[in-house]
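Okay, structure first, notes after.
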Amino acid sequence: MAVIEIKQVAKNFGAFTALHSVDLTIADQEFMVLLGASGCGKTTLLRIIAGLETPTAGEVWIGGRRVDHLPPRERGIAMVFQNYAVFPHLTVFENIAFGLRMKKMDQAEVTRRVTRTAELMHIEQLLKRYSGELSGGQRQRVAVARALAMEPDVILMDEPLSNLDALLRLEMRAELKGVLAESNTTTIYVTHDQVEAMSLADRISVMNGGRIVQAANPVEVYRNPAARFVGSFIGNPPMNFLTATPVGPGKWQVAGQTYDGPHAQAAEFAVRPEDLHPADHGLPAEVRVVEPLGPHTLVTTTVAGQPFRAVLESTLMPRPGDVIHLAPVPDRIRWFDPATQTALC
Amino acid sequence: MPRLLPYLLLLPATAFLCLFFLYPFVQVAHDSVMRGGVYTLENFTRMAGHWKFSTAFWNTMLLAAVVVPVQLAMALTMASIVTKLQRGRSSILYIFAIPLGISDLAAGLIWLSVFEQSGFLNSLLVGLGVVDRPILLLGYQNTWVIFIAIALAEVWRATAIMMVILVAGMGLIPKEYGEAADVFGASRWQKFRRVTLPMLKPSLQTALILRVILAFEVFAVVVALGGTQLPVLMSETYHWQFAMQERGVAAAYAMVILAVSVAFTILILRLLHVPKGARV
Ligand SMILES: Nc1ncnc2c1ncn2[C@@H]1O[C@H](COP(=O)(O)OP(=O)(O)O)[C@@H](O)[C@H]1O
Ligand SMILES: [Mg+2]
């Protein structure tokens, strides 16, 4: 049982603020992904939870216990490091057993746990080897096995798949999801890869500039971005944004078309490229580039002088220079406040 | 030509070493088995037959056995502390390195000024009223005081070199390993014992070999503090070479020092061997 509560945690490195008052609650056994671009503070937040970094302000609670003054080993956590940190001087067996040995667990139990987690991670044939004799993927498996063997309340992972090649990453991703779903741990997983985040997470916390901009389940984050940043960061290609002018209460004109929108002073129109289809009446889009991708065709256009992308059926093949009309699916239109950059409803 | 260039550039240094190191070495080895123009082991029998040989041998071994472990423990402790420092690290390193800049004879003289009859220690003891008048500390009646004084001087003089090597070695260990140890429940001692120490093996090898060899060659400090009261291998070599004018026996002593040094070097390399797959 381990709920993690992060209360107003801030971190300064000298004059630089890496985290601005972060609040986040992670439910017991939840798989939480911290997603954001490089340098947004994901690692810093994870290290504060682990106890490898002290917060400048705020509190960290794990399983109802305040832990921000405790050393890492008293927090009931295990961690998978980005560069694995598999000890070179120990065999795979002793690496997996490391945490158990520190607890002075008896040999029978150590062997049982190491064997079990090694089987789980499919590395039982490597137990006698040293890490210098392992591939990157195998080292990764050892690092995960070492964390699982602790049977911790919380597992923290910092971009664990980022050093693997694309194919291996796909394979490990599915495997991690399976293995962690079966354990009863709360997981915090840091990544900058939105596909990884989407596929693994129960909930995603999108971070930007040392703040959490949105924490919600993957579909929610994708469909209803709480901020313009989330829309532009998540989705490939990202969300389209167009300026809108008010033409009446709740009525907005966008590139000559009128749409129902929020009752507000100013608003920005947004729609995902997937939520557009060609129609007789719609946003007039001048085609720039056409990229057939197999299942879909990605069309890059300009609408009222602003870049605008659409993902269309692959049977449609407009040519550069054509003007097509793109109609958004009505309930997929989103509006953002241009001043605060947050969603309007 | 470009392929030969590196060798060409190394040639002067290699020639220099051959001329001034390899040649004298072969000469000494030759001298040790040559007496009166014939090859013989008599130099060695003369050396071993003299009553001072076994004293000198065991004094040298005992000094090394006392000094090196103390230095190792101190150097490891100091290096661990220095490595953790956030600021002022290089200043501390410079201060610790001061004794390195002092010759061993000077170091011996400094400690002599502490231990001699009119020295600091006696002044202090008299001042505190522990003794009525200065006592002869470094006399022949208490060789153990001489031994302690030499050991102290050696520790004071040559611990820093080990520490500097170990600080460099600790700096090479990626921080993540220590953090992994923290996260997986290691106490400070466990982290040191189970992670830092094993990963420090290559530097420990270097530091220990260097120190052990220098310990077998201890000379100036011994002479400064003990005169002839505490014979060691090196002082006996000197004695046979210059006082007795017995080149052959001196060469035999030199060969013994060499043999002991080589034996311990091999031992240290074996004990601290890192298997190929287990390197960082
Ligand atoms: N020890 C440190 N000293 C100074 N600045 C740091 C330190 N660690 C991280 N930072 C800065 O804090 C910001 C967030 O870093 P980090 O948490 O590693 O980002 P992320 O993991 O999201 O890429 C970065 O701008 C980084 O330069
Ligand atoms: Mg990071």
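Here is the naming used below: chain letters follow the sequence lines, and residue numbers restart at 1 for every chain.
Considering every non-hydrogen atom in both A:Pro72 and B:Val183, the closest pair reads CB-CA, 3.9 Å. In plain terms, the two heavy atoms of B:Ala180 and A:Phe87 that are nearest each other are CB-CZ, 4.0 Å.
Rounding to the nearest 0.5 Å places CG of B:Asp182 at 11.5 Å from CE of A:Met102.
Taking the six-membered ring where tryptophan is involved, the planes of A:Phe98 and B:Phe184 are perpendicular, since the angle between them exceeds 60° and thus also 30°.
Ranked by heavy-atom pairs shorter than 4.5 Å toward chain A, the options B:Glu176, B:Arg194, B:Lys201 are led by B:Glu176. Comparing A:Leu156, A:Val86, A:Leu134, A:Leu100 by how many heavy-atom pairs each has under 4.5 Å with chain B, the most go to A:Val86. Most heavy-atom pairs under 4.5 Å with chain B, from the set A:Glu74, A:Arg73, A:Glu133: that is A:Arg73.
B:Glu179 pairs with exactly one of A:Met79, A:Arg47, A:Glu53 by the side chain to side chain contact (heavy atoms under 4.5 Å, CB included) rule, that one being A:Arg47.
Put simply, the side chain of A:His89 never gets that close to the backbone of B:Leu200: no donor and acceptor are under 3.5 Å apart.
Around the CZ atom of B:Phe25, the shell of radius 6.0 Å holds no more than 12 heavy atoms that belong to other residues, nucleotides or ligands. A 6.0 Å sphere centred on CZ of B:Arg188 holds no more than 12 heavy atoms belonging to other residues, nucleotides or ligands.
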